[in-house]
Trainee: 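Here's a structure for you.
Worth knowing before you read on, the calculation uses all heavy atoms, side chains too, and leaves out hydrogens, waters and symmetry mates.
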Amino acid sequence: MKLISLFLTVLLLLLLRKLFWCLRWLWCYHHGRETPEPISFLPRRSGETFLGHIRGGDDSEEE
């Protein structure tokens with residue numbers, strides 16, 4: 001039971017980390033400031049997937 005509790009606590013912390021980053025990104029975007037570097041859900045991965053989605057959205061607006 002302690003293992004499940006520990007796993008859920010770590011999952012909650014990872015979700016909160018991502019939520020705070022998303023809120024910060026939206027705040028910066030809304031106010032026209034430079035947005036923070038993307039982060040992934042897992043700390044050791046890069047945020048390049050997110051950048052690909054942003055670039056994809058910008059390309060479709062230009063056409």
Trainee: For His31, give me all partners under side chain to side chain donor-acceptor pair (under 3.5 Å), at least two apart in sequence or on another chain.
Mentor: Trp27
Trainee: Do Leu19 and Leu11 land in one hydrophobic cluster if side-chain heavy atoms of ILVMFWY residues count as linked below 4.5 Å?
Mentor: no
Trainee: For residues Tyr29 and Phe20: do they belong to one hydrophobic cluster (side chain heavy atoms under 4.5 Å, members Ile, Leu, Val, Met, Phe, Trp, Tyr)?
Mentor: no
Trainee: Compare every heavy atom of Pro36 with every heavy atom of Arg24, then report the nearest pair and how far apart it is.
Mentor: NH1-CB, 3.6 Å
Trainee: Would you say Ile4 ends up clustered with Phe7 if hydrophobic residues are merged whenever their side chains have heavy atoms under 4.5 Å apart, either directly or through other cluster members?
Mentor: yes
Trainee: Which distance, rounded to the nearest 0.5 Å, do you find between the CG of Leu8 and the CG of Leu13?
Mentor: 11.0 Å
